[in-house]
K.L.:
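One structure is given below, represented as structure tokens, and several questions about it will come after.
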Amino acid sequence: MSAEFKDEFPNEAQAKATSVDDLKAQLGEIVVAARAAVAEATSTDALAETKAELLGRSSHLAALRSAIGSFNTDDRPEAGRACNEATDEITTLMDARHNELAQVERTALLQTERADLTEIIGDLTVGHSHIITQTRRTLEDLFVGMGYTVADGPEIDTEWHNFTALNFPLGHPARDMYDTLYVNWGKAMSTMLRTHTSPVQVRTMTSQPPPIAVVAPGRCFRRDTADATHMPVFHQIEGLLIDRNINLGHLAGTIEAFTTAFFGEGFSSRLRPSYFPFTEPSAEFDIQRPDGSWLELGGCGMVHPNVLEACGIDPEEWTGFAFGFGIDRLAMIRYGVDDLRDLWLGDMRFLRQF
Ligand code: FA5
């Protein structure tokens with residue numbers, strides 16, 4: 001073999017194994033040298049080069065493997081096994097070192113590429129609940145403090161719960177007071193978006209025996225045109241108290257206690273006689289705005305005996321009162337909002353004030 005050729009393929013030149021023992025001895029040296037070379041590699045790139053040198057096509061090991069062809073047939077399997085074992089050992093060393101180096105490089109990369117988010121975080125503003133949610137929670141807290149529990153009911157309800165059980169028989173003219181949005185489900189006009197929270201009175205009375213003291217806040221829907229005091233979707237909070245010997249004085253006292261707690265002193269309010277099929281007598285509750293005008297906040301009254309009966313409660317034994325206030329209007333007065341539509345526009349300059 002010429003010197004030139006030897007330089008070009010140095011390992012090939014060393015790879016003349018004369019016997020299986022000689023081959024094994026050379027493989028042992030290769031593994032020892034590989035152990036040192038692998039430990040010396042300080043990057044995954046350097047390790048890849050070392051790998052090519054140790055296991056590549058022009059490596060000493062590859063040359064030894066091709067030298068097996070010159071061994072006699074009986075020795076070849078043992079020589080092949082020895083080569084495979086050396087290859088496996090070197091590969092295992094390589095893999096372990098690669099994992100170490102990759103971990104170090106990844107940690108270093110994370111350090112150098114770390115984004116400075118402090119600027120962005122400094123600019124984040126923390127959100128808060130919408131003014132209607134705040135109002136609803138305040139109302140719940142207030143009534144829970146007075147011994148009520150909070151009840152819930154579906155926003156889509158049956159005609160029976162929304163009207164019939166509340167003493168509006170079919171065809172009753174009072175149904176026209178509510179511009180109802182019906183849902184295309186079952187028999188025509190049998191299912192609707194509830195027009196008020198009063199069906200929760202029915203659901204409560206049909207599911208638990210008296211005495212009862214619940215409030216039920218929630219969304220209501222009517223075909224009302226949006227203006228400064230109306231929205232087609234709005235919120236009410238229903239109240240229902242059923243016990244023995246409840247009279248109008250309890251209702252008036254409850255409303256008085258509630259308004260003082262909610263608005264503070266100094267607000268003028270009035271109860272005016274009104275009509276609802278499900279209460280008798282009935283009243284409407286108004287509050288005076290700073291400009292002297294009156295705003296209707298809700299209705300109330302003594303629960304009609306027909307409603308108690310429809311819900312399976314004996315009106316001879318039990319009496320009660322109910323009320324239903326507009327949460328959006330309560331929020332308007334409490335926070336001095338002139339136009340209900342402002343609550344729905346999602347203008348952050350407006351909403352941030354509350
Ligand atoms: C009722 O809905 C009765 N269920 C209230 C009631 C309950 C009476 C229990 C007796 C016993 P009314 O339709 O008046 O009543 O509505 C009550 C309140 O809901 C109104 O005073 C008002 O504050 C609010 N409200 C009604 N319609 C709208 C609307 N389109 N937008 C905003 N608030 C409304």
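Ligands are counted one by one from 1 in listed order, and the atoms in each one are counted from 1 as well.
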K.L.:
Hey, looking at atom 13 (O) of ligand 1, which of Gln201, Arg222, Glu238, Met302 has the closest heavy atom?
P.N.:
Arg222
K.L.:
When you measure from atom 31 (N) of ligand 1 to every protein heavy atom, which one gives the shortest distance, and what is it?
P.N.:
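Here the closest protein heavy atom is Met231 N, 3.0 Å.
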K.L.:
For ligand 1, which atoms sit closer than 4.0 Å to a heavy atom of His230?
P.N.:
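Those qualifying, in numeric order: 29 (C), 30 (N), 31 (N).
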K.L.:
With ring-ring contact (aromatic ring centres under 6.0 Å, His included) as the criterion, how do Phe323 and Phe285 come out once you've worked through the C-alpha distance, each side chain's angles and the decisive distance to 0.1 Å?
P.N.:
CA-CA 9 Å; Phe323 55 84; Phe285 173 75; 9.6 Å; no
K.L.:
Could you grab the distance from atom CG of Leu101 to atom CG of Asn99, nearest 0.5 Å is fine?
P.N.:
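One finds 9.0 Å between CG of Leu101 and CG of Asn99.
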K.L.:
Number the atoms of ligand 1 from 1 as they appear, then name those within less than 4.0 Å of a heavy atom of Thr279, with their elements.
P.N.:
10 (C), 11 (C)
K.L.:
Could you work out, for atom 24 (C) of ligand 1, the closest of Ala283, Ala226, Ser274, Gly326 by heavy-atom distance?
P.N.:
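The option holding the nearest heavy atom is Gly326.
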K.L.:
Test ring-ring contact (aromatic ring centres under 6.0 Å, His included) on Phe325 and Phe258; report intermediate values, then the result.
P.N.:
CA-CA 11 Å; Phe325 291 133; Phe258 150 69; 5.2 Å; yes
K.L.:
Please confirm whether Thr195 comes under 4.0 Å of ligand 1, counting heavy atoms of the residue only.
P.N.:
no
K.L.:
Could you say whether the N/O atoms of Asp328 and ligand 1 ever approach to under 3.5 Å?
P.N.:
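Among all N and O atoms of Asp328, none is under 3.5 Å from an N or O of ligand 1.
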K.L.:
Once you measure the plane-to-plane angle for Phe168 and His172, does it fall in the parallel (<30°), tilted (30-60°) or perpendicular (>60°) bin?
P.N.:
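Phe168 and His172: perpendicular rings.
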K.L.:
Does at least one non-hydrogen atom of Leu340 fall below 4.0 angstrom from an atom of ligand 1?
P.N.:
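It does; at least one heavy atom falls under 4.0 Å.
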K.L.:
Can you pull out the closest protein heavy atom to atom 15 (O) of ligand 1? Residue, atom name and distance to 0.1 Å, please.
P.N.:
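The answer is Phe276 CE2, 3.5 Å.
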K.L.:
Would you say Gly324 and ligand 1 have an N/O pair spaced under 3.5 Å apart?
P.N.:
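There is no such contact.
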K.L.:
Judged by non-hydrogen atoms, does Gly298 sit under 4.0 Å from ligand 1?
P.N.:
yes
K.L.:
For Leu193, which of Thr180, Asn162, Ile156 qualifies under side-chain contact (heavy atoms from CB on, under 4.5 Å)?
P.N.:
Ile156
K.L.:
Quick one: does ligand 1 sit under 4.0 Å from the side chain of His196, the backbone, both or neither, non-hydrogen atoms only?
P.N.:
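It is the side chain that touches ligand 1; the backbone stays farther off.
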K.L.:
Over all heavy atoms of both residues, which pair between Leu271 and Ile255 is shortest? Give the atoms and the distance, please.
P.N.:
CD2-CD1, 4.3 Å
K.L.:
Please determine if Ala322 has a nitrogen or oxygen closer than 3.5 Å to a nitrogen or oxygen of ligand 1.
P.N.:
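No, there is no polar N/O contact under 3.5 Å.
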K.L.:
Do any N or O atoms from the side chain of Thr254 and from the backbone of His250 form a donor-acceptor pair under 3.5 angstrom?
P.N.:
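Judged by distance alone, yes, a pair lies under 3.5 Å.
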K.L.:
In terms of the angle between their ring planes, are His196 and Tyr178 parallel, tilted or perpendicular, with boundaries placed at 30° and 60°?
P.N.:
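Judged by the thresholds at 30° and 60°, the geometry between His196 and Tyr178 is tilted.
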K.L.:
Among protein heavy atoms, which sits nearest to atom 23 (O) of ligand 1, and what does the distance come to when rounded to 0.1 Å?
P.N.:
Leu297 O, 2.9 Å
K.L.:
Once you restrict to heavy atoms under 4.0 Å, what part of Arg329 touches ligand 1? Side chain, backbone, both or neither.
P.N.:
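The answer is the side chain.
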K.L.:
How many angstroms lie between atom CZ of Arg76 and atom SG of Cys83, to the nearest 0.5 angstrom?
P.N.:
13.0 Å
K.L.:
Evaluating non-hydrogen atoms only, which member of Phe234, Phe278, Phe323 is closest to atom 10 (C) of ligand 1?
P.N.:
Phe278
K.L.:
Return the closest protein heavy atom for atom 17 (C) of ligand 1 as residue, atom name and distance.
P.N.:
Gln236 NE2, 3.3 Å
K.L.:
Find all atoms of ligand 1 within a distance of less than 4.0 Å from any non-hydrogen atom belonging to Thr229, and give their numbers and elements.
P.N.:
31 (N), 32 (C)
K.L.:
Using a 4.0 Å heavy-atom threshold (strictly under), name the region of Cys300 that reaches ligand 1: side chain, backbone, both or neither.
P.N.:
backbone
K.L.:
Should Glu284 be listed as contacting ligand 1, given a heavy-atom distance under 4.0 Å as the test?
P.N.:
yes
K.L.:
Is the shortest N/O to N/O distance between Glu296 and ligand 1 below 3.5 Å?
P.N.:
yes
K.L.:
Take the angle between the ring planes of Phe263 and Phe267 and call it parallel below 30°, perpendicular above 60°, tilted in between.
P.N.:
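Phe263 vs Phe267 ring planes: tilted.
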K.L.:
Check whether Trp294 forms a cation-pi arrangement with Arg270 (NZ or CZ under 6.0 Å from the six-membered ring centre, at most 45° off the ring normal).
P.N.:
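Output yes; distance and angle both within limits.
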K.L.:
How long is the straight-line distance from CZ of Arg334 back to CG of Leu139, given to the nearest 0.5 Å?
P.N.:
8.0 Å
K.L.:
With the threshold set at 4.0 Å, does a side-chain nitrogen-carboxylate oxygen contact exist between Lys187 and Glu159?
P.N.:
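Here Lys187 does not pair with Glu159 in a salt bridge, since their nearest N and O are not under 4.0 Å apart.
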K.L.:
Strictly under 4.0 Å, does any heavy atom of Phe285 approach an atom of ligand 1?
P.N.:
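Contact absent.
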